[in-house]
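One-based numbering along the sequence shown. Keep in mind that this is a model prediction, so the values were computed, not measured. Atoms within each ligand, like the ligands themselves, are counted from 1 in listed order. Hydrogens, waters and symmetry mates are skipped; everything else that's a heavy atom, side chains included, is used.
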Amino acid sequence: MNEQDVPGGLRLNTLSGWNQTAADWHRFLRNSPRGCFVMEHDGKVVGTATTLHYESRFAWIGMVLVDPEFRKQGIGTELLRKGIEYLDSSGISTIKLDATPQGKPIYTKLGFVEEYEIERWILKRPAGTSSTARGSTRASLSETQREQVFRLDEELFGADRSFLLRTLYEEAPEFATAAWEEELLQGYAFGRHGVFADQFGPWMARTRTAAEKLLQEFLATSSRETLIVDGMKSNSLALALLRGCGFTPSRPLTRMVRGPNAYPGKPESFCAILGPEFG
Ligand SMILES: CC(C)(COP(=O)(O)OP(=O)(O)OC[C@H]1O[C@@H](n2cnc3c(N)ncnc32)[C@H](O)[C@@H]1OP(=O)(O)O)[C@@H](O)C(=O)NCCC(=O)NCCS
């Protein structure tokens with residue numbers, strides 16, 4: 001895949017009702033210029049798959065999408081094989097991904113096993129709610145605070161992904177928040193603008209107060225009518241907060257891993273992931 005294929009990728013994710021924008025596709029290509037793949041038919045992109053390295057600890061496969069008219073012909077499996085082959089040749093022995101129910105069978109056949117469950121939650125706000133909510137007066141995170149957040153995220157996620165978090169901050173600084181209690185960093189969150197919704201995540205909190213504060217900041221800052229969050233199914237506090245704010249579950253996702261899971265991070269600390277395409 002190269003930059004010229006971005007409109008083709010965007011067409012596929014929009015056809016599947018996914019939320020990614022051109023900025024997300026560019027994020028993949030900038031960080032993994034040789035690790036993203038397309039299948040073309042008569043010059044048209046009909047399938048995609050992306051890979052990303054998190055140091056040499058593990059890699060992520062995402063954006064496995066096939067044009068509905070070209071499904072069940074082996075294209076999804078072929079793109080996945082291509083991604084795995086590329087990562088194997090780069091010396092990465094652990095590959096992770098977050099599978100939709102439709103994608104899960106092809107991953108299982110290629111040796112991925114389940115790690116834990118994630119659930120997408122969605123909030124549809126009545127028109128007008130969002131614009132009145134706009135205008136949080138919170139100061140944006142300083143560089144020193146961001147560095148603190150990146151170091152904590154590294155410990156909890158299992159690898160340094162500050163290269164991604166920095167781009168989220170640059171594109172939507174208004175969604176980057178953190179919660180300190182008695183000078184201790186107790187939580188942080190980022191967000192991004194998507195095609196049909198603003199997405200909240202990663203959302204990490206060590207206390208209920210921090211979790212709630214971060215979620216409320218996001219709700220007050222976003223001006224969109226539709227909001228989405230990929231919540232950790234095991235985090236009952238996070239799910240209760242989402243339910244309390246009117247979010248409802250929309251689809252399950254399964255985190256899967258292939259190879260040794262030597263850097264699992266601390267998933268129990270997360271309320272929500274960044275997104276299935278990034279982890
Ligand atoms: C999931 C997705 C990528 C699969 O793409 P695909 O190209 O249809 O995948 P494949 O053709 O390799 O495999 C799909 C099925 O078709 C079967 N198949 C493959 N070639 C076939 C052929 N020539 N004839 C009949 N069946 C075939 C496969 O065995 C597989 O069967 P299974 O679902 O029972 O395991 C596609 O459905 C999609 O884009 N879905 C929406 C987005 C999504 O959920 N992506 C996954 C993200 S985790």
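Remark: R251 does not engage E119 in a salt bridge, criterion side-chain N to carboxylate O under 4.0 Å. Between E147 and R151 there is a salt bridge, since a side-chain N of the basic residue sits under 4.0 Å from a carboxylate O of the acidic one.
Relative to atom 13 (O) of ligand 1, the option among V66, N13, I106, L65 with the closest non-hydrogen atom is I106. Taking each of L253, V64, L79 in turn, the one with a heavy atom nearest to atom 3 (C) of ligand 1 proves to be V64. For atom 44 (O) of ligand 1, the nearest non-hydrogen atom from the set I61, T100, L80 belongs to T100. Looking at M39, R71, R81 and measuring to atom 36 (C) of ligand 1, the nearest heavy atom belongs to R71.
Here's the thing with G76: one of its N/O atoms is less than 3.5 angstrom from an N/O atom of ligand 1. When only interatomic distances are considered, the shortest N/O to N/O separation between Q73 and ligand 1 falls below 3.5 Å.
Under a 4.0 Å criterion applied to the non-hydrogen atoms of Y107, ligand 1 contributes the atoms 46 (C), 47 (C), 48 (S). Within the listing of ligand 1, atoms 1 (C), 37 (O), 40 (N), 41 (C), 44 (O) sit less than 4.0 angstrom from a heavy atom of Q102.
Taking the centre and axis of the six-membered ring of Y169, the NZ or CZ atom of R166 falls outside the cone set by 45° and 6.0 Å.
Of the listed residues (N19, T21, D24), just one forms a side chain to side chain donor-acceptor pair (under 3.5 Å) with R192, and that residue is D24.
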Residues 80-93 side chain polar contacts: donor-acceptor under 3.5 Å, at least two apart:
from: S89; atom 1: OG; to: E85; atom 2: O; distance (Å): 3.4
from: S89; atom 1: OG; to: Y86; atom 2: O; distance (Å): 2.8
from: S90; atom 1: OG; to: Y86; atom 2: O; distance (Å): 2.7

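Among residues at least two apart or in separate chains, ring pair (Phe, Tyr, Trp, His ring centres under 6.0 Å) pairs with a member in residues 235-279 are F28-F278.
Aromatic ring pairs are classed by plane angle as parallel below 30°, tilted from 30° to 60° and perpendicular above 60°; the pair W203 and F200 is tilted.
Distance check on atom 41 (C) of ligand 1: some protein heavy atom falls below the 4.0 Å cut-off.
Nearest heavy-atom pair across G47 and I75 is CA-CG2, 4.5 Å.
Nearest non-hydrogen protein atom to atom 12 (O) of ligand 1 is T77 OG1, 2.5 Å.
No heavy atom of K104 sits closer than 4.0 Å to any atom of ligand 1. In this structure, D98 has a heavy atom closer than 4.0 Å to ligand 1.
For K72, heavy-atom contacts with ligand 1 shorter than 4.0 Å involve the backbone as well as the side chain.
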